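Okay, structure first, notes after.
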Protein chains: 2
Amino acid sequence: MTLPILRDFKCSHCPIRHRAVCSHCDADELSALESIKSYRSFSAGETILWRGEPLEYVASLVTGVAALSKTLEDGRTQMVGLLLPSDFIGRPGRDEIEFDVTATTDVTLCCFARSPFEQLMQATPHLTQRIMELALDELDAARDWMLLLGRKTAREKIATFIEMLVRRAPSEAGTNTSVIPLSMTRDQIANYLGLTLETVSRHFNALKKEGVIEFTDRKFVAVKNLKALRIATGDDTDIQVAL
Amino acid sequence: MTLPILRDFKCSHCPIRHRAVCSHCDADELSALESIKSYRSFSAGETILWRGEPLEYVASLVTGVAALSKTLEDGRTQMVGLLLPSDFIGRPGRDEIEFDVTATTDVTLCCFARSPFEQLMQATPHLTQRIMELALDELDAARDWMLLLGRKTAREKIATFIEMLVRRAPSEAGTNTSVIPLSMTRDQIANYLGLTLETVSRHFNALKKEGVIEFTDRKFVAVKNLKALRIATGDDTDIQVAL
DNA sequence: GACCAACATTGATGTAGATCAAATTATGAC
DNA sequence: GTCATAATTTGATCTACATCAATGTTGGTC
């Protein structure tokens with residue numbers, strides 16, 4: 001009954017395995033996807049989708065980083081999601097989305113036209129189930145972030161952010177020290193964490209002074225002490241292990 | 001392709017229509033649900049599900065209010081969801097959940113044993129699609145709440161909370177003034193909004209002084225000026241109308 | 001209706017992080 | 001390389017909300 005979390009559809013030309021696709025689907029079903037796909041590129045800063053805009057595609061992020069964000073009347077904004085390679089964009093069955101999607105770095109998408117994709121979903125229930133699983137994953141992530149936004153201190157937010165990058169970044173297992181691209185400005189990080197860019201800068205440097213992290217460039221963090229970083233997140237240790 | 005948001009499965013004995021159920025399913029499929037259901041009751045304050053506990057049921061909330069919440073190592077907690085009648089509890093395809101579910105008031109659940117429910121999902125793709133839609137709805141709600149937690153002032157949080165109650169409470173349409181049960185203590189509201197109970201109390205009374213709301217009892221709000229309340233939420237007016 | 005235990009209000013004070021304001025350091029175009 | 005612009009750091013100050021501390025209210029029980 002329980003589908004494992006799979007990343008095992010490797011379509012031709014894409015260097016990633018699309019998370020949306022179900023391993024239970026047979027070859028014919030998967031090749032149906034090949035025939036409806038196309039690629040689109042966006043450069044850093046470009047808006048991929050505006051809130052309320054009609055959705056013509058669902059897509060998989062192939063390279064780069066993109067952000068989902070929401071804005072208040074007076075311009076305050078909050079990032080509500082971060083898309084890394086293999087993440088799925090789009091809402092089958094919805095005509096529009098409730099947030100903006102922006103390219104944080106240069107981005108390539110592998111797009112599937114919505115209506116054939118939805119027809120394929122009708123025909124292959126496993127695919128629908130897979131998308132449901134992805135939505136539930138995202139929901140769990142969103143709820144973790146609600147805890148962060150509502151209750152964590154600035155220091156805990158920063159530590160959690162870096163710990164998340166370590167966890168999600170494609171990296172060689174076993175290494176205690178990892179160098180990770182931030183791919184975001186201090187301002188964008190602040191938007192993600194519900195802080196200001198000054199506070200982000202101050203706490204980055206505090207963690208650096210303590211020897212927990214190090215900056216090679218301003219764009220890359222090296223985690224020197226993963227255990228200290230995890231303690232600084234404020235999360236239950238059990239969760240840390242589980243993740 | 002797009003299924004409308006439906007609330008139209010009325011199973012016998014339940015005074016609500018279960019949101020999980022799809023209107024495209026035929027009578028046989030729906031009666032299969034009848035045969036696997038059972039009822040469970042919880043009194044206010046009881047924990048319905050602990051984080052990490054194995055999930056034996058999926059359920060629909062029939063009466064009362066329940067809360068989803070997450071806790072940090074040192075005890076700080078954040079509510080990450082509020083369940084009102086007709087809301088769905090459970091994660092088909094998951095063995096456990098990442099948060100606690102607690103009865104805020106006395107609660108009745110209509111439970112469906114997980115494994116037959118999941119078998120039914122396999123057999124009736126529409127049901128899977130419906131659950132996916134619910135997950136996407138919850139995801140949208142979670143993201144709205146992320147904006148609230150990350151960027152709104154205490155006043156805006158309180159106004160948004162009351163506005164949400166107005167929107168979600170079953171009420172006669174057209175009335176400009178509505179009396180709504182809070183069903184939560186100041187402390188629980190504070191947990192939902194990422195505030196302290198004192199701040200909740202102060203801003204409730206500020207809005208009261210301004211004539212925007214009124215308290216009959218401490219447990220019921222009457223909205224006297226819905227327009228002023230909506231302005232106080234800080235949201236884009238477009239969204240307000242759309243909701 | 002008197003008592004008790006939750007719950008809520010109100011006030012005084014403290015503080016984390018926002019805001020304002022330079023100074024410093026990258027980055028990229030020519 | 002040099003300049004211009006954007007991003008970042010650092011410092012000084014301010015403020016919304018938290019925290020601490022009473023006091024007041026409500027509702028249930030006997």
Side-chain angles (χ1 to χ4, degrees), chain A residues 43-45 72 74-78 104-106 148-162 181-210 213-221 232 234, chain B residues 43-46 65 72 74-78 102-106 148-162 181-210 213-221 232 234:
Chain A
S43 39
L72 291 173
D74 63 1
R76 281 171 286 169
T77 78
Q78 174 65 52
T104 301
T105 63
D106 290 351
L148 175 143
L149 292 172
R151 294 296 179 204
K152 288 193 177 179
T153 63
R155 173 176 228 266
E156 289 167 336
K157 287 176 176 183
I158 297 287
T160 307
F161 173 70
I162 299 170
L182 284 177
S183 355
M184 301 163 83
T185 65
R186 300 290 183 267
D187 194 31
Q188 289 168 327
I189 294 167
N191 268 339
Y192 196 22
L193 299 175
L195 296 170
T196 59
L197 64 104
E198 292 94 334
T199 302
V200 170
S201 176
R202 280 184 240 272
H203 285 275
F204 266 159
N205 287 39
L207 286 171
K208 184 176 125 192
K209 241 170 229 161
E210 294 170 33
I213 58 172
E214 211 168 66
F215 291 96
T216 54
D217 190 333
R218 294 209 279 214
K219 290 185 158 52
F220 291 85
V221 226
Chain B
S43 39
E46 262 191 279
V65 178
L72 290 173
D74 63 1
R76 282 170 285 168
T77 79
Q78 174 65 53
T102 317
T104 301
T105 64
D106 290 351
L148 175 143
L149 291 171
R151 294 297 180 201
K152 288 192 177 182
T153 64
R155 174 175 228 266
E156 290 167 335
K157 287 176 175 183
I158 296 287
T160 307
F161 173 70
I162 300 170
L182 285 176
S183 357
M184 299 164 84
T185 64
R186 301 289 183 269
D187 193 31
Q188 289 168 327
I189 295 167
N191 267 340
Y192 196 22
L193 298 175
L195 296 172
T196 58
L197 64 103
E198 293 93 334
T199 303
V200 170
S201 177
R202 280 183 240 272
H203 285 275
F204 266 159
N205 287 39
L207 286 171
K208 184 175 126 192
K209 239 169 230 160
E210 294 169 32
I213 58 172
E214 212 168 67
F215 291 96
T216 55
D217 190 332
R218 294 208 281 211
K219 292 185 157 51
F220 291 86
V221 226

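From a predicted model like this one, the values you see are computed outputs, not experimental measurements. Residue numbering restarts at 1 for every chain, and letters A, B, ... go by the order of the sequence lines.
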| First encountered from the 5' end of DNA chain C, between A:Arg155 and A:Asp217 | A:Arg155
| field | Rounded distance in Å - CD (A:Gln78) to P (C:dA18) | value | 12 Å
| said: From CG of B:Asp74 over to P of D:dT19, roughly how many Å is that when rounded to an integer? | reply: 11 Å
| note | Residue pair A:Thr196/B:Asn205 against DNA chain C: nearer the 5' end by closest nucleotide is B:Asn205
| Nucleotide D:dA16, atom P - distance to NE2 of B:His203 in whole Å | 9 Å
| task | Report yes if the side chains of A:Ile162 and A:Phe204 come closer than 4.5 Å at any heavy-atom pair, otherwise no. | result | yes
| field | Distance in angstrom units between A:Lys152 NZ and D:dA18 P, rounded | value | 18 Å
| task | Nearest whole angstrom, please: distance from the C1' of D:dA18 to the CG of B:Leu197. | result | 11 Å
| request: Would you mind classifying the nucleic acid contact of A:Leu195 as base, sugar-phosphate or nothing, using non-hydrogen atoms under 4.0 angstrom? | output: sugar-phosphate
| Would one find a side-chain N or O of B:Thr199 under 4.0 angstrom from OP1 or OP2 of D:dA18? | yes
| field | Shortest non-hydrogen contact between A:Ile158 and A:His203, atoms and distance | value | CG1-CB, 3.8 Å
| message | Just to be sure I understand the rule, does A:Thr185 reach a base, reach only the sugar-phosphate, or reach nothing, if contact means heavy atoms closer than 4.0 Å? | response | sugar-phosphate
| task | Would you kindly check whether a donor in the side chain of A:Arg202 faces an acceptor in the base of C:dT19, or vice versa, at under 3.5 angstrom? | result | yes
| task | Check every strand shown and say whether B:Gly45 touches a base, only sugar-phosphate, or nothing at a heavy-atom separation below 4.0 Å. | result | nothing
| field | Rounded distance in Å - CZ (A:Phe204) to P (D:dT9) | value | 8 Å
| Do you know the tightest heavy-atom contact between B:Leu193 and B:Gln78? | N-NE2, 4.4 Å
| request: Write down the atom of B:Lys157, the atom of B:Lys152, and the distance for their closest heavy-atom approach. | output: CE-O, 3.5 Å
| task | Measure the distance from NZ on A:Lys208 to P on D:dT8 and round it to the nearest whole Å. | result | 13 Å
| request: Using a 4.0 Å heavy-atom cut-off across all strands, classify A:Arg186 as base, sugar-phosphate, or nothing. | output: sugar-phosphate
| request: Measure across A:Leu182 and A:Arg186 and return the closest heavy-atom pair with its distance rounded to 0.1 Å. | output: CD1-NH1, 3.6 Å
| request: Consider the side chain of A:Arg218, meaning its heavy atoms from C-beta on, and name the nucleotide among C:dT25, C:dA8, C:dG17 that approaches it most closely. | output: C:dT25
| field | Length of the NZ-P vector between B:Lys219 and D:dG27, whole Å | value | 6 Å
| Heavy-atom donor-acceptor pair, B:Gln188 side-chain to C:dC7 base, under 3.5 Å | no
